[in-house]
Student: 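Below you'll find the structure I mean.
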Amino acid sequence: MNWGIFEGLLSGVNKYSTAFGRIWLSLVFIFRVLVYVVTAERVWSDDHKDFDCNTRQPGCSNVCYDEFFPVSHVRLWALQLILVTCPSLLVVMHVAYREAREKKHREAVGEDGGRLYPNPGKKRGGLWWTYVFSLVFKAGIDIIFLYVFHSFYPKYTLPPVVKCHAAPCPNIVDCFISKPSEKNIFTLFMVVTAAVCILLNLVELAYLVSKRCRECLAASKARAASASPCKQEDLLSGDLIFLGSDTHPPLLPDLARDYVKKTIL
């Protein structure tokens with residue numbers, strides 16, 4: 001395991017994440033990746049070897065193990081962690097693409113030719129949509145895998161004894177799982193951390209959407225406030241209404257003053 005790669009990815013993603021995104025990233029790399037690499041693989045390393053059935057029938061233990069463990073916990077967690085961390089790398093790649101475009105633009109027009117992106121890492125435009133898509137994708141992946149785990153292993157727990165009746169087993173045999181209590185503890189720990197990560201993704205998504213709505217509302221109010229003085233100036237520079245006169249003067253600056261004097265007199 002090359003921890004320098006994980007450190008680089010962590011620092012790169014943290015640079016463009018919100019506070020909720022940094023908390024999510026810490027949970028993923030500390031409470032999920034480290035637990036998976038350091039502990040989970042060792043707990044499930046003897047899974048097949050110590051799966052014993054009370055029969056001497058050749059092939060019965062293998063068939064029963066495959067029936068009860070269609071997919072290993074470790075392999076499912078590995079696939080889940082890979083799919084969950086990929087959207088965060090997509091955000092970093094989008095920022096790198098923006099920075100490359102900005103560099104080419106400066107080389108083409110010079111430093112005084114303006115900038116394409118005032119801040120390439122600021123979540124505006126396409127980068128905002130990429131970030132929102134990454135949040136939805138990460139939450140969706142965790143929800144799908146929690147459903148898959150629940151469908152394979154109800155209540156996310158392993159019983160100490162399972163009954164199997166599959167060919168070539170001669171009858172219903174009892175099979176014993178190695179260290180079920182220890183495996184249940186780590187399974188529930190991974191399930192709880194995944195649920196917390198889902199909650200953080202949804203909270204961050206709500207925060208980004210509400211912030212964008214507030215910014216759009218403030219921008220619309222600012223445009224309305226800037227347009228109102230212009231309307232007042234248009235009214236002041238419009239037709240002059242004079243009391244006691246049935247006809248309006250022509251809108252000529254030279255004639256308006258003479259007409260006002262005649263009207264007053």
Student: Locate the shortest heavy-atom distance separating His94 from Leu127; write the atom from each residue and the value.
Tutor: CE1-N, 3.6 Å
Student: How close do Arg98 and Gly126 get, counting heavy atoms only, and between which atoms?
Tutor: NH2-N, 3.9 Å
Student: Does Leu217 have more than 12 heavy atoms from other residues, nucleotides or ligands lying within 6.0 Å of its CG?
Tutor: yes
Student: Return the minimal non-hydrogen interatomic distance between Pro159 and Pro180, and the atom names on each side.
Tutor: O-CB, 4.3 Å
Student: Looking at Asp142 and Ile198, would you say the former's side chain and the latter's main chain have a donor-acceptor pair under 3.5 Å?
Tutor: no
Student: Any chance you could measure Arg212, atom CZ, to Glu215, atom CD, to the nearest 0.5 Å?
Tutor: 6.0 Å
Student: Looking only at heavy atoms, which two atoms of Gln80 and Arg32 are closest? And how far apart?
Tutor: NE2-NH2, 3.0 Å
Student: Consider side-chain contact (heavy atoms from CB on, under 4.5 Å). Of Val196, Leu199, Val84, which one does Trp24 pass it with?
Tutor: Val84
Student: Is Phe133 linked to Met93 within one hydrophobic cluster, defined over Ile, Leu, Val, Met, Phe, Trp and Tyr using a side-chain heavy-atom separation of less than 4.5 Å?
Tutor: no
Student: With a 4.5 Å limit on heavy-atom distance, are the side chains of Tyr153 and Pro70 in contact?
Tutor: yes
Student: Do you reckon Phe68 sits in the same ILVMFWY cluster as Val63, going by side-chain contacts under 4.5 Å, direct or chained?
Tutor: no
Student: To the nearest 0.5 Å, how far apart are OG1 in Thr193 and CD1 in Ile30?
Tutor: 12.5 Å
Student: Parallel, tilted or perpendicular: which one describes the rings of His73 and Trp77, with boundaries at 30° and 60°?
Tutor: perpendicular
Student: Is the count of non-hydrogen atoms from other residues, nucleotides or ligands lying under 6.0 Å from Tyr156 atom OH greater than 12?
Tutor: yes
Student: When hydrophobic residues are tied together by side-chain contacts of less than 4.5 Å, even through go-betweens, does Tyr97 share a cluster with Val92?
Tutor: no
Student: Minimum heavy-atom separation for Gly21 to Tyr131, with atom names?
Tutor: CA-OH, 4.2 Å
Student: For Leu83 and Phe145, which heavy atoms make the closest approach, and how far apart are they?
Tutor: CD1-CE1, 3.9 Å
Student: Would Val203 and Val209 show up in the same hydrophobic cluster when neighbours are defined by side-chain heavy atoms closer than 4.5 Å?
Tutor: yes
Student: Can you tell me which residue among Leu81, Leu27, Val38 is in a side-chain contact (heavy atoms from CB on, under 4.5 Å) with Val33?
Tutor: Leu81
Student: For the CD1 atom of Ile23 and the OG1 atom of Thr18, what is their distance to the nearest 0.5 Å?
Tutor: 8.5 Å
Student: Regarding Cys53 and Cys175, I want to know if their SG-SG distance comes in below 2.5 Å, which is how I'm defining a disulfide.
Tutor: yes
Student: Would you say the side chain of Val191 lies within less than 4.5 Å of the side chain of Phe149, judging by non-hydrogen atoms?
Tutor: no
Student: Got Phe69 and Ile177 here, is their nearest side-chain heavy-atom distance under 4.5 Å?
Tutor: yes
Student: Is Phe176 reachable from Phe51 through a run of I, L, V, M, F, W or Y residues, each pair having side-chain heavy atoms under 4.5 Å apart?
Tutor: no
Student: Take Thr157 and Thr187 through the test side-chain contact (heavy atoms from CB on, under 4.5 Å) and record every step on the way to the result.
Tutor: CA-CA 7 Å; Thr157 55; Thr187 301; over 6 Å; no
Student: Do the non-hydrogen side-chain atoms of Phe186 and Val35 ever get within less than 4.5 Å of each other?
Tutor: yes
Student: Would you compute the distance between atom OG of Ser17 and atom CG of Leu135 and round it to the nearest 0.5 angstrom?
Tutor: 8.5 Å
Student: When rounded to the nearest 0.5 angstrom, what distance separates CE in Met190 from OG1 in Thr39?
Tutor: 10.0 Å
Student: Evaluate the side-chain proximity of Phe20 to Asn201: yes if any heavy-atom separation is below 4.5 Å, no if none is.
Tutor: no
Student: Mark yes or no for whether Lys138, through its side chain, and Cys197, through its backbone, hold a donor-acceptor pair below 3.5 Å.
Tutor: no
Student: Quick one: NZ on Lys163 to SG on Cys169, what's the gap to the nearest 0.5 Å?
Tutor: 13.0 Å
Student: Go through the steps to decide whether Cys64 and Cys164 satisfy the test disulfide (SG to SG under 2.5 Å), and finish with yes or no.
Tutor: CA-CA 6 Å; Cys64 291; Cys164 174; 2.2 Å; yes
